[in-house]
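Single-structure report; data block below.
In this chain, numbering begins with 1 at the start of the sequence shown.
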Amino acid sequence: MKRSSAGTAKTLEKLEKSVQAGNYYEAQQMYKSIYARYMAAQKYLEALDILQSGTTIQLRHGQVTCGAELALLFVETLLKAKLPYGQETLDRIRAIFHEFPEVTVAYQLSDEDDLQKLSENMLAAKAQYDGCTSFLKAAIRWSAEAGGPSKGAPELHDMIAQCICSQYPELDIVKASTHFVRGSQPKAFAFALLDFMDKCYPGEGDLAIARGVLMYLAAGNLRDANCLMDELKEQSVSKQTQLPDTPLLEFIGYLLLTLERDALPLFRMLQQNYKSSIERDPSITELLDEIAERFYGVRRRSGLHSILGGMFKMMESGGAT
């Protein structure tokens, strides 16, 4: 992608000074006005430079709503310009992602002032979360439509999973899992699962682990399913904690070994022997049906709605944020 013109550089400098002076709204309108002129002239590269610069400077000054608006326009411009999928653009998206500020929410309250501060911080955290995830969802769609992986770039899924995991007041592990499975960081997924185990109700931890492993397997990714379990064991030792010792996770361990070979009868036997554990969550049965089809060619029962498909489609349609 070629560099923007000297005229654009001067415009960027002028706009940055406006933001630094605290004229956030006025600067935002100027960014959008100049962007519209560039788009009308089909000067897409200049438009992208304006938007990335505006996003960066607004976010660095804590103007998350303004920054997120420009970030979304950045992705829309990628689509309108029909720019192909590539590492340079992914790097620009990553740079914008890292500019979104992290908001720390403290729950130790001692007086009314603390309560007011908590309320303000929670609103700020929600704005950050909504802006960042909307931007990344749009970026995932761009990557899929611009010649990248059909489900979106793995590194973008990693980013949105990171964003989900950093939010308050509790981790939505199902939403995070859909992105981790399409990402490329089972080590980070294991860390998120262990963090969830520290906060969840009894009985939820092993279900979250099982679903994560099974979602990898339903996608045909035996390597990362095994890697996730290995990381969970290793990280639990370093954290001096223990993984749940339940029949469900015992089943997962046997299942991973079974899928290393052509052993459909053993697969079916495991399902029968651990039936009560499997039936704790309907999604597990659905995932196992997906796994049987992918690994052993077993056709799924007709008319059965796929919960896995529903989980993934939530993300694609905007529900997994």
Task: Worked check of side-chain contact (heavy atoms from CB on, under 4.5 Å) between Leu15 and Ile57 - done: CA-CA 9 Å; Leu15 288 170; Ile57 191 68; over 6 Å; no

Enter the distance from [X]:[atom1] to [Y]:[atom2] here, rounded to the nearest 0.5 Å.
X: Met215; Y: Ser283; atom1: CE; atom2: OG; answer: 8.5 Å
X: Arg268; Y: Leu288; atom1: CZ; atom2: CG; answer: 9.0 Å
X: Leu248; Y: Glu279; atom1: CG; atom2: CD; answer: 12.0 Å
X: Glu204; Y: Arg280; atom1: CD; atom2: CZ; answer: 10.0 Å
X: Arg94; Y: Leu156; atom1: CZ; atom2: CG; answer: 8.0 Å
X: Ile278; Y: Gln272; atom1: CD1; atom2: CD; answer: 9.0 Å

Minimum-distance pair of heavy atoms, taken over all atoms of [X] and [Y]:
X: Arg261; Y: Tyr296; answer: O-OH, 3.2 Å
X: Trp142; Y: Pro84; answer: CZ2-O, 3.7 Å
X: Ala71; Y: Thr55; answer: N-OG1, 3.2 Å
X: Ile209; Y: Pro244; answer: CD1-CD, 4.2 Å
X: Ala144; Y: Gly152; answer: CB-N, 4.0 Å
X: Ala47; Y: Met39; answer: CB-SD, 3.8 Å

In this structure, are over 12 heavy atoms from other groups packed under 6.0 Å from [X] atom [atom1]?
X: Gln242; atom1: CD; value: no
X: Asp262; atom1: CG; value: no
X: Phe191; atom1: CZ; value: no

Is there a path of hydrophobic side-chain contacts, each under 4.5 Å between heavy atoms, that joins [X] and [Y]?
X: Val298; Y: Leu266; value: no
X: Phe135; Y: Leu79; value: yes
X: Leu222; Y: Leu264; value: yes
X: Tyr254; Y: Met269; value: no
X: Tyr35; Y: Leu72; value: no

Are [X] and [Y] close enough that some pair of their side-chain heavy atoms sits under 4.5 Å apart?
X: Tyr38; Y: Ile34; result: yes
X: Val213; Y: Leu255; result: no
X: Tyr216; Y: Cys227; result: no
X: Phe251; Y: Asn273; result: no
X: His179; Y: Leu136; result: no
X: Gln58; Y: Thr65; result: no
X: Leu256; Y: Leu217; result: yes
X: Tyr25; Y: Cys66; result: no

- [ ] Go through the steps to decide whether Gln52 and Thr56 satisfy the test side-chain contact (heavy atoms from CB on, under 4.5 Å), and finish with yes or no.
- [x] CA-CA 6 Å; Gln52 183 173 3; Thr56 299; 4.2 Å; yes

Answer yes or no: is there a donor N or O on one side and an acceptor on the other, between the side chain of [X] and the main chain of [Y], under 3.5 Å?
X: His157; Y: Lys151; value: yes
X: Ser238; Y: Gln235; value: yes
X: Asn23; Y: Glu26; value: no
X: Thr258; Y: Phe267; value: no
X: Gln185; Y: Asp158; value: no
X: Ser166; Y: Cys163; value: yes

Open item on the list: Show, in sequence, the C-alpha distance, side-chain angles and deciding distance for Gln87 and Asp91, and conclude whether the side-chain hydrogen bond (donor to acceptor under 3.5 Å, both in side chains) test is met.
Closed with: CA-CA 6 Å; Gln87 192 59 50; Asp91 288 343; 2.9 Å; yes

Open item on the list: Using a strict threshold of under 4.0 Å (side-chain N to carboxylate O), is an ion pair present between Arg92 and Glu88?
Closed with: no

- [ ] Using a strict 4.0 Å threshold on nitrogen-to-oxygen distance, state whether Asp49 and Lys43 make a salt bridge.
- [x]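 Lys43 and Asp49: not salt-bridged.
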
Task: Summary of salt bridge (Lys or Arg N to Asp or Glu O under 4.0 Å) pairs that have at least one residue in residues 229-241, sequence neighbours excluded - done: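 For residues 229-241, and leaving out neighbouring residues, the salt bridge (Lys or Arg N to Asp or Glu O under 4.0 Å) pairs sorted by first residue read Asp198-Lys239.
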
Open item on the list: Under the side chain to side chain contact (heavy atoms under 4.5 Å, CB included) test against Leu249, which residue among Leu232, Asp206, Leu207 passes?
Closed with: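 With Leu249 as partner, Leu232, Asp206, Leu207 yield a single side chain to side chain contact (heavy atoms under 4.5 Å, CB included), made by Asp206.
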
- [ ] Show your working on side-chain contact (heavy atoms from CB on, under 4.5 Å) between Phe97 and Ile160 and close with a plain yes or no.
- [x] CA-CA 9 Å; Phe97 165 68; Ile160 200 168; over 6 Å; no

TODO: Would you sort out whether Glu250 and Asp245 count as a side-chain contact (heavy atoms from CB on, under 4.5 Å), showing the intermediate values?
DONE: CA-CA 8 Å; Glu250 185 176 83; Asp245 183 12; 5.8 Å; no

